[in-house]
There are 2 protein chains.
Amino acid sequence: MSNTSLSPRAQRLRDAGHKLTNARLTVLGVVERGGGHLTSTEILNRVNAVDARIGRASVFRALDLLTRLSIIRPTYIDSSITPTYVLLPDGHHHHVICTHCNRVIEFEDCGLSKLAADLERRLHVQLSGHLLEFYGLCDRCSAQERSAFN
Amino acid sequence: MSNTSLSPRAQRLRDAGHKLTNARLTVLGVVERGGGHLTSTEILNRVNAVDARIGRASVFRALDLLTRLSIIRPTYIDSSITPTYVLLPDGHHHHVICTHCNRVIEFEDCGLSKLAADLERRLHVQLSGHLLEFYGLCDRCSAQERSAFN
DNA sequence: CGCGTTATTAATACACGATATCATCAAATC
DNA sequence: GATTTGATGATATCGTGTATTAATAACGCG
Ligand SMILES: [Zn+2]
Ligand SMILES: [Zn+2]
Ligand SMILES: [Zn+2]
Ligand SMILES: [Zn+2]
């Protein structure tokens with residue numbers, strides 16, 4: 001595999017001492033192109049569409065590894081079994097989840113860098129990312145709820 | 001069931017139009033006394049220790065309901081299948097997860113009420129809670145990593 | 001209170017996402 | 001290119017969570 005055009009996230013894999021295998025790079029590529037919130041099944045299907053020789057277990061192992069490196073993060077949309085994986089671009093991700101219809105609304109600004117620096121000092125930790133989730137009713141569902149009181 | 005000493009969270013269940021059944025109150029009690037981060041299996045066992053007649057499915061349904069009401073929230077500690085459920089006291093919860101040893105460090109202050117108010121205005125949502133997770137290395141693991149470069 | 005309505009439950013069989021295993025393979029290093 | 005060692009892939013298996021439905025109990029009302 002040529003070293004030209006190694007994605008920054010692939011570089012992070014290597015820097016952490018892991019081999020840049022076909023399976024891992026394919027999973028990473030699928031998640032990067034996925035646009036957020038893919039379930040494991042969606043990821044499995046897309047990985048297989050790219051390269052059918054990649055095994056099921058390797059996909060899950062790659063997801064675990066990327067999670068440990070704070071490159072992606074599993075999170076629940078509805079409370080049922082399957083998590084969805086989101087990229088943590090620049091180490092963070094933020095969304096609102098509607099607890100009624102499960103819609104996800106992403107937002108960008110969080111203003112948490114100061115808090116992160118505080119925590120690193122106070123708790124002696126070394127932070128690499130964060131996920132911020134708000135729960136509540138989206139515009140449609142809260143309108144609906146109000147009209148239910150007519 | 002007597003109405004005296006109805007916990008605030010039980011009251012929220014009722015206010016939202018749900019019946020205060022034995023199964024729900026037992027699950028809620030287990031989670032409240034659990035001190036955070038219980039897996040579904042732990043919850044199942046404890047519920048059964050309190051009242052063996054409560055069925056498996058009812059426990060999961062209760063967890064789903066409490067999640068929809070933003071009373072608890074499922075979250076991943078390690079990236080493997082089983083989520084842990086945390087209470088969202090006063091609607092929020094915050095922790096640091098060590099991506100190396102899976103230790104969880106809780107912290108209290110988040111300063112997110114202003115952001116929440118902003119989002120409610122901008123996105124026309126009605127927020128009832130939030131979860132903030134930081135990822136990184138805890139004090140022990142980051143010390144260990146430094147000494148690995150000797 | 002006791003009654004009727006209706007949401008909720010319990011039991012179990014099942015679905016399906018995730019994992020353990022281990023022989024094989026290939027990425028990195030020299 | 002050969003060596004080392006981490007990573008892979010096929011599959012059998014596990015275990016969490018779900019569907020189903022008749023039976024039950026919470027709650028409002030008289
Ligand atoms: Zn909604
Ligand atoms: Zn952020
Ligand atoms: Zn640690
Ligand atoms: Zn908070």
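Values reported hereafter were calculated over all heavy atoms of this structure, with side chains retained and with hydrogens, waters and symmetry mates removed. The shown structure was predicted, so the numbers you read here are calculated from the model rather than taken from an experiment. Numbers restart at 1 for each chain; the letters A, B, ... are given by sequence-line order, proteins then strands.
- Between dT8(D), dT16(D), dT20(D), one nucleotide has an atom nearer to the side chain of F60(B) than all others, and that is dT16(D).
- Comparing dA18(C), dT18(D), dT21(C) against the side chain of P83(A) picks out dA18(C) as the nearest.
- When the ring pair (Phe, Tyr, Trp, His ring centres under 6.0 Å) test is applied to H95(A), the partners found at least two apart in sequence or on another chain are H37(A), H93(A).
- Legend: residues meeting salt bridge (charged side-chain N to carboxylate O under 4.0 Å, His left out) with D15(B), ordered by chain and number and at least two apart, are absent.
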Dump every N/O contact between nucleotides 4-7 of chain C and the protein below 3.5 Å, one line per pair.
{"unit_1": "dT6(C)", "atom_1": "O2", "unit_2": "K19(B)", "atom_2": "NZ", "d": "3.3"}
{"unit_1": "dA7(C)", "atom_1": "O4'", "unit_2": "K19(B)", "atom_2": "NZ", "d": "3.4"}

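- Applying the ring pair (Phe, Tyr, Trp, His ring centres under 6.0 Å) rule to H92(A) yields the partners H94(A), H130(A); only residues at least two apart in sequence or on another chain are considered.
- In terms of the side chain to side chain contact (heavy atoms under 4.5 Å, CB included) criterion, residue partners of R53(B) (sequence neighbours excluded) are, by chain and number, N22(B), D51(B).
- Within the structure, every side-chain polar atom (N or O) of T82(B) is placed at least 4.0 Å from both OP1 and OP2 of dT16(D).
- Annotation: side chain to side chain contact (heavy atoms under 4.5 Å, CB included) contacts of E42(A) (sequence neighbours excluded): L38(A), T39(A).
- Sequence neighbours left out, not one pair with a member in residues 40-71 of chain A passes ring pair (Phe, Tyr, Trp, His ring centres under 6.0 Å).
- Within the 4.5 Å cutoff, side-chain heavy atoms of V27(A) are placed close to those of L66(A).
- When the local axes at the two ends of the helix from dC1(C)-dG30(D) to dC30(C)-dG1(D) are compared, using 5 base pairs at each end, they differ in direction by 60° after rounding to 10°.
- Every residue two or more places apart in sequence or in another chain that forms a side-chain hydrogen bond (donor to acceptor under 3.5 Å, both in side chains) with R103(A) is listed here: D139(A).
- With hydrogens and angles ignored, no donor-acceptor pair under 3.5 angstrom links the side chain of R61(A) to the base of dG6(D).
- Considering only side-chain N and O atoms, T21(B) lies under 4.0 angstrom from the phosphate OP1 or OP2 of dT9(C).
- The side chain of R14(B) lies closest to dC27(D), out of dC27(D), dA28(C), dT21(C).
- Contact between C110(B) and L132(B) at its shortest, heavy atoms only, is CB-CD2, 4.5 Å.
- Shown here are the salt bridge (charged side-chain N to carboxylate O under 4.0 Å, His left out) partners of D118(A), two or more places apart in sequence or in another chain: K114(A), R121(A).
- For A16(A), the side chain to side chain contact (heavy atoms under 4.5 Å, CB included) partners at least two apart in sequence or on another chain are H18(A), L69(A).
- Residues from residues 33-59 of chain A placing a heavy atom under 4.0 Å of any atom in DNA chain D, listed by number, are R53(A), I54(A), G55(A), A57(A), S58(A).
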